[in-house]
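A short worksheet on the structure shown next.
Computed from a predicted model, the values in this text were never measured in an experiment.
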Amino acid sequence: GYDALDNGGVSLSFDRFENADQSYRFDGADDFFSITGFTPQPTAITFQSWFKLPPSGVTGLNQIVDIAGVGGIAFLDDDLQGILYVNGAFTVPQFGTMLTDEWHMATFTYDGVTADVYLDGIRIARNGDAGSIDWSNTTNTIRIGTNFDETEFFTSEIDDIQIYSRALLDTAIMDLYIQGGWPPASL
């Protein structure tokens with residue numbers, strides 16, 4: 001793993017199981033995590049994160065996780081997107097407006113041929129854009145809660161971010177979603 005630097009005072013919050021101090025709350029003003037020295041440059045990749053949007057939703061670009069110059073998971077207004085720099089251009093499969101004030105798991109995979117976005121373990125968007133992930137513009141910095149140039153900040157709660165150097169299969173993504181007994185029977 002990597003150690004993250006807290007920029008701006010990210011606060012602890014309740015996770016999806018209602019455990020105190022187990023997830024992070026981002027105020028949308030200036031707080032984010034940064035992780036430097038991310039050197040793997042895989043040909044396939046998966047970004048995965050749990051998130052909970054505020055009741056009012058979000059506006060503008062809200063990046064959950066971003067590898068600078070490469071891509072990640074974001075919202076443009078309330079639309080969930082996977083963003084990846086492939087063959088000199090960004091590929092952006094996206095899904096419509098999200099439910100707010102509830103925990104969801106977002107996953108974005110790229111296998112060298114297809115980019116897929118999953119919500120709560122189910123594939124919801126696909127974009128075929130065969131080619132190599134373009135690592136030439138990266139600073140090898142992962143940012144959580146802000147975009148690559150730290151000008152827009154996420155307003156939400158984030159938990160359990162994972163980046164894999166391979167495209168996870170549908171079954172592995174669903175396994176991550178139900179891990180720990182989620183969703184609870186009351187949902």
Side-chain angles (χ1 to χ4, degrees), residues 1-42 45-85 90 98-110 117-120 133 135 137-166 168 173 176-177 179-180 182:
Y2 294 87
D3 293 324
L5 177 63
D6 181 353
N7 300 276
V10 177
S11 61
L12 290 168
S13 186
F14 289 88
D15 69 5
R16 65 189 178 279
F17 299 106
E18 294 300 318
N19 297 312
D21 299 336
Q22 296 298 309
S23 72
Y24 295 97
R25 181 176 306 231
F26 296 79
D27 65 13
D30 62 357
D31 50 352
F32 66 96
F33 288 123
S34 60
I35 303 166
T36 58
F38 181 78
T39 55
Q41 295 187 351
I45 197 162
T46 298
F47 298 91
Q48 182 269 317
S49 178
W50 285 89
F51 67 92
K52 181 180 177 184
L53 296 180
S56 59
V58 293
T59 57
L61 179 65
N62 283 263
Q63 200 98 21
I64 295 176
V65 59
D66 173 67
I67 299 176
V70 177
I73 302 172
F75 286 90
L76 183 56
D77 298 319
D78 284 334
D79 293 337
L80 177 62
Q81 300 183 336
I83 303 169
L84 195 63
Y85 203 56
F90 283 101
M98 296 298 309
L99 299 173
T100 60
D101 207 28
E102 297 176 9
W103 281 102
H104 295 282
M105 187 181 84
T107 309
F108 175 50
T109 67
Y110 183 71
V117 174
Y118 295 77
L119 178 65
D120 297 337
I133 299 171
W135 292 94
N137 295 318
T138 188
T139 61
N140 296 328
T141 301
I142 298 171
R143 289 183 180 80
I144 300 167
T146 189
N147 60 336
F148 71 96
D149 61 0
E150 301 169 12
T151 59
E152 299 191 52
F153 300 91
F154 197 59
T155 304
S156 184
E157 295 177 49
I158 299 175
D159 195 16
D160 294 335
I161 292 176
Q162 299 178 60
I163 300 173
Y164 298 88
S165 295
R166 65 188 186 283
L168 294 182
I173 293 167
L176 285 171
Y177 178 67
Q179 189 174 44
W182 190 264

Under the side-chain contact (heavy atoms from CB on, under 4.5 Å) test, which residues partner [X], sequence neighbours left out?
{"X": "Tyr164", "result": "Thr46, Gln162, Arg166, Leu168, Leu176"}
{"X": "Asp160", "result": "Arg16, Trp50"}
{"X": "Ser49", "result": "Ile64, Ile158, Ile161"}
{"X": "Thr151", "result": "Asn147, Asp149"}

With sequence neighbours left out, what residues match [X] under side chain to side chain donor-acceptor pair (under 3.5 Å)?
{"X": "Asn19", "result": "Asp15"}
{"X": "Thr138", "result": "none"}
{"X": "Tyr118", "result": "Asp170"}
{"X": "Ser165", "result": "none"}

(Q) Is there a side-chain contact between Trp182 and Tyr177 in this structure, where contact means two heavy atoms from C-beta onward sitting under 4.5 Å apart? (A) yes
Q.
To the nearest 0.5 Å, what is the distance between CD1 on Ile73 and CD on Gln63?
A. 9.0 Å
Q. How long is the gap from CZ on Phe154 to CG on Leu61, to the nearest 0.5 Å?
A. 10.0 Å
Q. What about the rings of Trp135 and Tyr85, do their centers lie closer together than 6.0 Å?
A. no
Q | Other residues, nucleotides, ligands: >12 heavy atoms within 6.0 Å of Tyr24 OH | A | no
Q.
Taking CZ in Phe148 as the centre, count heavy atoms belonging to other residues, nucleotides or ligands within less than 6.0 Å. Is the count above 12?
A. no
Q: Apply the test side chain to side chain contact (heavy atoms under 4.5 Å, CB included) to residues Ile67 and Phe47: give CA-CA distance (whole Å), side-chain angles for both, the deciding distance (0.1 Å), then the verdict.
A: CA-CA 10 Å; Ile67 299 176; Phe47 298 91; 3.7 Å; yes
Testing the basics here: between [X] and [Y], what is the closest heavy-atom pair and its distance to 0.1 Å?
{"X": "Ala106", "Y": "Phe51", "result": "CB-CE2, 3.6 Å"}
{"X": "Val117", "Y": "Phe108", "result": "CG2-CD1, 3.9 Å"}
{"X": "Gln41", "Y": "Asn140", "result": "NE2-OD1, 4.0 Å"}
{"X": "Ala68", "Y": "Arg143", "result": "CB-NH1, 3.2 Å"}
{"X": "Pro54", "Y": "Val58", "result": "CD-CG1, 4.0 Å"}

**Q.** Chi angles and distances behind the side chain to side chain contact (heavy atoms under 4.5 Å, CB included) call for Ile142, Asp66
**A.** CA-CA 6 Å; Ile142 298 171; Asp66 173 67; over 6 Å; no
(Q) Considering only residues two or more places apart or on different chains, which pairs with a residue in residues 98-110 satisfy side-chain hydrogen bond (donor to acceptor under 3.5 Å, both in side chains)? (A) His104-Asp120
Q) Going by distance alone, is a donor N or O of one side chain under 3.5 Å from an acceptor N or O of the other, for Ser13 and Glu157? A) yes
Without placing hydrogens or testing angles, list every side-chain donor-acceptor pair under 3.5 Å for residues 28-40, not counting sequence neighbours.
from: Asp31; atom 1: OD1; to: Asp27; atom 2: N; distance (Å): 3.1
from: Asp31; atom 1: OD2; to: Asp27; atom 2: N; distance (Å): 3.2
from: Ser34; atom 1: OG; to: Asn7; atom 2: ND2; distance (Å): 3.1

Q. Which residues satisfy the salt bridge (Lys or Arg N to Asp or Glu O under 4.0 Å) test with Glu152, sequence neighbours excluded?
A. none
Q: Apply ring pair (Phe, Tyr, Trp, His ring centres under 6.0 Å) to Phe14 and list each qualifying residue two or more places apart in sequence or on a separate chain.
A: none
